[in-house]
Amino acid sequence: MQGVKKTVVYNVSRGAELGADGGLVRAPIVPVETEAAVEFDADIGGEHMLINIGPQHPATHGVLRLVLELDGETVIKCTPHIGYLHSSFEKLGEYRDWNQIIPLTDRMDYLAPLIYNCAYAMAVEKMMGVEVTERCKVVRVILMEMDRIFSHLLWLGTTGIDLGAFTIFLYTFQERERIYNLHEAYTGARITTSATRIGGMMADLPPGWIEGLMEFVRTFPRTLAEVDTLLTNNSIWIGRTQDVGLISAEDAVNFGLSGANLRASGVDYDVRKDRPYYDYQTYEFDVPIGEQGDIYDRYLCRMEEMRQSLRIIEQAVDRLPGGSINVDDPRVILPTKTAAMNDMESMIHHFKVVMEGVRAPVGESWFSVESSKGELGMYVVSDGGSKPVRWRVRGPSFINIAALPYMIEGALLSDVIAVNASLDIVLGEIDR
């Protein structure tokens with residue numbers, strides 16, 4: 001039996017232009033229909049096949065298991081299985097002092113730990129009515145924007161590997177190493193930063209740290225431009241990402257997506273703009289918005305977000321005030337070692353904070369920030385003691401992964417890895 005199969009060939013224009021705001025414009029594609037004769041037998045039937053991707057698979061970006069039902073190479077159904085880490089961070093937090101929970105937060109999204117450190121501290125400070133110093137506010141903005149770039153670089157490098165663009169991985173991880181050095185210079189650790197304290201930070205910025213940061217800000221755009229050259233108009237990259245993993249604005253909102261995954265579908269929502277904190281409304285930066293809601297738009301959004309984070313960091317450094325980075329409240333912040341060793345009152349306060357912990361008033365608090373992966377919310381409940389009664393986290397990865405089955409049903413098996421990568425999930429936060 002002779003049939004006709006229509007094939008669509010995409011001619012990719014390599015002359016992408018910059019928009020009026022300097023951002024990237026989608027490279028145009030022109031469908032051209034060709035006809036090719038193929039033979040098939042209508043009587044041939046087949047059974048669906050079940051395969052597992054993960055949980056021990058690098059392209060699942062953690063211990064994620066995807067059970068796929070396939071008809072040939074077409075995905076009929078996808079069932080994600082989570083819970084392999086089983087870390088129980090939220091329950092562990094109910095048995096730790098308010099400050100002792102901070103090390104748990106940077107183990108959730110270990111790809112952007114300072115954002116989680118700050119978000120948790122801000123939720124507790126809101127409940128306690130503690131207003132951090134102006135210097136602390138600006139320092140936290142700097143750290144969160146630095147880690148936004150940090151996270152996007154890992155996403156870009158590992159997604160490049162998933163789609164066969166290995167060179168990108170080398171570019172992005174070289175730049176990540178420079179941020180690792182900044183982490184280590186400030187916190188003493190590269191991944192588990194644990195930098196915040198209720199009412200301030202673990203320490204002020206060390207000498208030369210701002211100069212090292214600004215050297216990164218000055219030179220990083222060159223690497224970003226190289227990645228643009230390698231990927232944005234690359235016909236293979238475009239073929240693997242454009243019109244793949246589509247999700248409309250309405251569906252993205254219904255699934256509760258946030259971050260670049262939501263904005264790539266055309267929804268203009270960013271917590272820094274819509275519910276600003278730490279004076280974000282006074283910073284000049286743009287929120288990139290996509291049109292199609294495919295992998296390519298998510299790529300463009302994250303690329304532009306890195307450029308905008310550089311803008312915010314430059315403005316924050318320019319306005320960085322002097323003064324103390326911690327509040328002047330002995331009930332919350334430990335006194336200096338000199339004061340504790342020479343002043344009786346300071347020694348008493350030191351003893352009480354260490355032995356009894358910081359005490360929060362009875363109440364509850366919710367605080368959300370724009371993390372690198374989307375809206376991150378922290379909810380804490382206090383009964384007046386030194387430990388939370390409840391601690392719950394609205395993690396963006398946990399919400400975003402729920403849309404994965406919808407996005408890949410009907411797609412090809414090879415697209416599963418690409419779509420999963422485009423969501424930018426981290427299992428440490430999903431399995432909290």
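Starting from 1, each residue takes its place in the sequence as its number. Just so you know, these numbers use all the heavy atoms, side chains as well, and skip hydrogens, waters and symmetry mates.
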Exam field: side chain [X] to backbone [Y], donor-acceptor pair closer than 3.5 Å:
| X | Y | answer |
| --- | --- | --- |
| Ser371 | Lys373 | yes |
| Arg240 | Ser414 | yes |
| Asn52 | Arg65 | no |
| Asp415 | Gly245 | no |
| Thr60 | Gln56 | no |
| Thr282 | Asp279 | yes |

Using side-chain heavy atoms (C-beta onward) and a distance below 4.5 Å, is [X] in contact with [Y]?
| X | Y | answer |
| --- | --- | --- |
| Val389 | Glu94 | no |
| Leu104 | Arg96 | yes |
| Ile191 | Tyr180 | yes |
| Met306 | Leu153 | yes |
| Ile401 | Ile430 | yes |
| Leu70 | Ile76 | no |
| Ser382 | Val362 | no |
| Asp106 | Leu114 | no |

Checklist line | side-chain hydrogen bond (donor to acceptor under 3.5 Å, both in side chains) partner of Glu145, chosen from Gln315, Arg311, Arg272 | finding: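 Output: one option passes, namely Arg272.
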Item checked: From Arg392, Arg390, Arg394, Glu364, residue fulfilling side-chain hydrogen bond (donor to acceptor under 3.5 Å, both in side chains) relative to Tyr379 ->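 Only match with Tyr379 under side-chain hydrogen bond (donor to acceptor under 3.5 Å, both in side chains): Glu364.
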Got a sec, which residues hit side chain to side chain donor-acceptor pair (under 3.5 Å) with [X], two or more places apart in sequence or on another chain?
| X | answer |
| --- | --- |
| Gln174 | none |
| Ser248 | Asp251 |
| Asp274 | none |

Nearest heavy atoms of [X] and [Y], plus distance in Å:
| X | Y | value |
| --- | --- | --- |
| Met202 | Thr193 | SD-O, 4.5 Å |
| Val393 | Glu90 | N-OE2, 2.7 Å |
| Phe169 | Thr172 | O-OG1, 3.2 Å |
| Gln308 | Phe285 | OE1-CA, 3.6 Å |
| Asp424 | Ser151 | OD2-OG, 4.2 Å |
| Ser194 | Pro103 | OG-CA, 3.5 Å |

[atom1]/[X] to [atom2]/[Y] distance, rounded to the nearest 0.5 angstrom?
| X | Y | atom1 | atom2 | result |
| --- | --- | --- | --- | --- |
| Leu64 | His61 | CG | NE2 | 9.5 Å |
| Leu213 | Asn181 | CG | CG | 12.5 Å |
| Leu66 | Ile53 | CG | CD1 | 6.0 Å |
| Ile168 | Thr158 | CD1 | OG1 | 12.0 Å |
| Met144 | Ser372 | CE | OG | 12.0 Å |

Notebook entry, point to check: Is there a side chain to side chain contact (heavy atoms under 4.5 Å, CB included) between Leu257 and Ile247 once you walk through the steps?
Noted result: CA-CA 10 Å; Leu257 298 185; Ile247 185 167; 3.8 Å; yes
Checklist line | Stepwise salt bridge (Lys or Arg N to Asp or Glu O under 4.0 Å) test for Glu125 and Arg140 | finding: CA-CA 14 Å; Glu125 288 160 358; Arg140 286 183 179 179; 2.9 Å; yes
Margin query: For a side chain to side chain contact (heavy atoms under 4.5 Å, CB included) check, start with the C-alpha distance between Ile408 and Leu68, then their side-chain angles and the critical distance, and finish with the verdict.
Written below: CA-CA 10 Å; Ile408 63 177; Leu68 302 178; 4.3 Å; yes
So is [X] actually on top of [Y]'s ring, under 6.0 Å and inside 45° of the axis?
| X | Y | answer |
| --- | --- | --- |
| Arg178 | Phe216 | no |
| Arg307 | Phe220 | no |
| Lys137 | Tyr277 | no |

For [X], I'd like to know if atom [atom1] has over 12 heavy atoms of other residues, nucleotides or ligands within 6.0 Å.
| X | atom1 | result |
| --- | --- | --- |
| Glu215 | CD | yes |
| Leu92 | CG | yes |
| Lys91 | NZ | yes |
| Glu284 | CD | no |

Salt bridge between [X] and [Y], side-chain N to carboxylate O under 4.0 Å?
| X | Y | answer |
| --- | --- | --- |
| Arg263 | Asp268 | no |
| Arg190 | Glu177 | yes |
| Arg218 | Glu314 | no |
| Arg432 | Glu429 | yes |
| Glu304 | Arg298 | no |

Note to self: Using the ring centroid of each side chain, check whether Tyr296 and Trp237 are separated by less than 6.0 Å.
What the structure shows: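 No, too far apart.
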Notebook entry, point to check: Which is it for Val244 and Asp294 under the side chain to side chain contact (heavy atoms under 4.5 Å, CB included) test, yes or no, and what are the steps along the way?
Noted result: CA-CA 5 Å; Val244 179; Asp294 56 9; 5.6 Å; no
Check: Hey, are Glu375 and Tyr269 close enough side-chain-wise for a donor-acceptor pair under 3.5 Å?
Finding: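 The answer is yes; a qualifying pair exists.
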Margin query: For residues 87-112, which residue pairs pass the ring-ring contact (aromatic ring centres under 6.0 Å, His included) check, not counting sequence neighbours?
Written below: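 Counting only pairs at least two positions apart or across chains, no ring-ring contact (aromatic ring centres under 6.0 Å, His included) contact touches residues 87-112.
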Notebook entry, point to check: Under the ring-ring contact (aromatic ring centres under 6.0 Å, His included) rule, what pairs show up with a residue in residues 390-432, not counting sequence neighbours?
Noted result: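 Matches after skipping sequence neighbours: Tyr120-Trp391, Phe255-Tyr406.
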Margin query: Applying side chain to side chain donor-acceptor pair (under 3.5 Å) to Arg302 and Asn261, what does each step give before you reach the verdict?
Written below: CA-CA 9 Å; Arg302 291 188 177 104; Asn261 296 319; 3.1 Å; yes
Next item on the list: Check side-chain contact (heavy atoms from CB on, under 4.5 Å) between Ser365 and all other residues, then give those that pass, not counting sequence neighbours.
Entry: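 side-chain contact (heavy atoms from CB on, under 4.5 Å) list for Ser365, sorted by chain: Ala123, Lys126, Met127, Val380.
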Next item on the list: Dump the intermediate steps for side chain to side chain contact (heavy atoms under 4.5 Å, CB included) on Glu131 and Val327, then the final yes or no.
Entry: CA-CA 8 Å; Glu131 182 73 20; Val327 298; over 6 Å; no
